[in-house]
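Quick notes on the structure that follows.
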Amino acid sequence: MSLQPHDSPVSIDLPSLIALRHRLHGSKAQLTRHFAATEGNYLTRFRGRGMAFAEVRAYQDGDDVRTIDWRVTARRGKVHTKLFQEERERPVILAIDYRRPMFFATRGCFKAVQVSRLAALLAWQALEGGDRVGAFIFSEQQHHELRPQAGKGAVLRLLSQLVENSAWKRPPHRPFDPQQRLAETVQRLHRVARPGSHIVVLSDFAQWDQSVEKQLAQLVRHCDLSLIHCYDPLEKALPPAGSYRVSNGVSDLTIATDQQDGDHKYRQAFASYCRRLENCARQYRCRYLGLQTCDDPLGLLQGEGGRG
């Protein structure tokens, strides 16, 4: 998926997010099972008429005679009936991080732009699978919740909320001074997510600590969880010595750097950070995928993305 000429690396717009549906549709046959939780309906614990066989039990008054299992009945000498699991659409909640560290990049686009595009792709993918789509958009200033709903209107509503979020209007240069830590955000997400939901968290996971892991342990007891770790290449490794132009979107600055003796330690620190995220995901049976700001977000769905 190549970016269009009008796509901005520092902002998002509704037409571009809507257009991602057509790019997704053209690649649908290639999608992997990385995000199987957004690719179709789910089997619930409710018993009823459905497509998937669940179990056999003794016939009870009121059971549909068409579900009698005649082989088991003949073998056991007592009438038994089949039970089925009912297929129901599942809520998909996209938890999108718009805190200040997400508005940064040295290559590609802002982390906030990247996760917005991936969120749009996941929302369109969920729509194609018949799932209900909702969102939990959070920043230092506010949390905005969209209850999962079915249909194209729910996706358009989500995309509009992404574009209109007040985080895009914050003045530059203001330091990251969170009023609420990531652990408290996950705790709030746990309170609003209904059991059985599939939650995809798209973040750089700044402020990740034991408190976050504790809250995730509570969340995964009732929900399916995927962690998408979005990061800039500069966070993974220091650049070679040279001159670099730095911009905040308004003004530019050129800085000169020498060869960094600490580059190995820098790389090791980031690798250790990613291992912690991945180990936590493995412990709680979550999905963990890394996404750089210069990556193709559609490639992540096609299995071209990977670990941090």
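- Once rounded to the nearest 0.5 Å, the distance linking CG of D97 with SG of C230 reads 9.5 Å.
- With a 4.5 Å cut-off on side-chain heavy atoms, F138 and L182 count as touching.
- Residue R191 places its CZ atom among more than 12 non-hydrogen atoms of other residues, nucleotides or ligands, all under 6.0 Å distant.
- Smallest separation of non-hydrogen atoms from L225 and H198: N-CD2, 4.2 Å.
- Looking at every heavy atom in both residues, L146 comes nearest to L158 through CD1-CA, 3.6 Å.
- How far CG of D13 is from CG of L159: 11.0 Å, rounded to the nearest 0.5 Å.
- Listed by chain and number, the residues in a ring pair (Phe, Tyr, Trp, His ring centres under 6.0 Å) with F136 are H143 (sequence neighbours excluded).
- At least one side-chain heavy atom of C274 sits under 4.5 Å from a side-chain heavy atom of Y288.
- In this structure, the side chain of S160 engages the main chain of L156 through a donor-acceptor pair within 3.5 Å.
- V200 places a side-chain heavy atom less than 4.5 Å from the side chain of I228.
- Nearest heavy atoms, Y284 versus V220: CB-CG2, 3.9 Å.
- Aromatic ring pairs are classed by plane angle as parallel below 30°, tilted from 30° to 60° and perpendicular above 60°; the pair H229 and Y231 is tilted.
- The shortest distance between side-chain heavy atoms of E128 and R21 falls below 4.5 Å.
- Here CG of D295 is found 12.5 Å from CZ of R117. Values are rounded to the nearest 0.5 Å.
- With values rounded to the nearest 0.5 angstrom, K169 atom NZ is found 7.5 Å from N165 atom CG.
- For the pair V186/L216, a side-chain contact is recorded, criterion being any heavy-atom separation below 4.5 Å from C-beta on.
- Between R188 and E184 there is no salt bridge, since no side-chain N of the basic residue sits under 4.0 Å from a carboxylate O of the acidic one.
- Taking every heavy atom of both residues into account, P233 and Q292 meet most closely at CG-OE1, 3.6 Å.
- Looking at Q187, its side chain never comes within 3.5 Å of a backbone N or O of Q215 through a donor-acceptor pair.
- Of the possible polar contacts, none joining the Q149 side chain to the A154 backbone as a donor-acceptor pair under 3.5 Å is found.
- Side chain to side chain, Y59 and T67 fail the donor-acceptor criterion of an N or O pair below 3.5 Å.
- A 6.0 Å sphere centred on NZ of K78 holds no more than 12 heavy atoms belonging to other residues, nucleotides or ligands.
- Considering every non-hydrogen atom in both P101 and D204, the closest pair reads CB-OD2, 3.5 Å.
- The NZ atom of K111 lies 13.0 Å from the CG atom of L202; values are rounded to the nearest 0.5 Å.
- Between the side chain of W168 and the backbone N or O of L162, at least one donor-acceptor pair lies under 3.5 Å.
- Shown here are the side-chain contact (heavy atoms from CB on, under 4.5 Å) partners of Q218, two or more places apart in sequence or in another chain: H190, R221.
- Residues V115 and S203 form no side-chain contact, since every pair of their non-hydrogen atoms from C-beta on lies 4.5 Å or further apart.
- Taking CG of D7 as the reference point, atom OG of S16 lies at 4.0 Å (rounded to 0.5 Å).
- Side-chain atoms of T293 come within 3.5 Å of backbone N or O of R107 as a donor-acceptor pair.
- A salt bridge links E213 and R276; the closest N-O separation between the charged side-chain nitrogens and carboxylate oxygens is under 4.0 Å.
- Side-chain atoms of D209 come within 3.5 Å of backbone N or O of V212 as a donor-acceptor pair.
- Residue R285 places its CZ atom among 12 or fewer non-hydrogen atoms of other residues, nucleotides or ligands, all under 6.0 Å distant.
- A donor and an acceptor atom, one from each side chain of Q141 and S166, are nowhere located under 3.5 Å apart.
- Partner E140 forms a side-chain hydrogen bond (donor to acceptor under 3.5 Å, both in side chains) with one of R170, R99, R100 and no other, that one being R170.
- The nearest pair of heavy atoms linking L118 to L300 is CD2-CD2, 3.7 Å.
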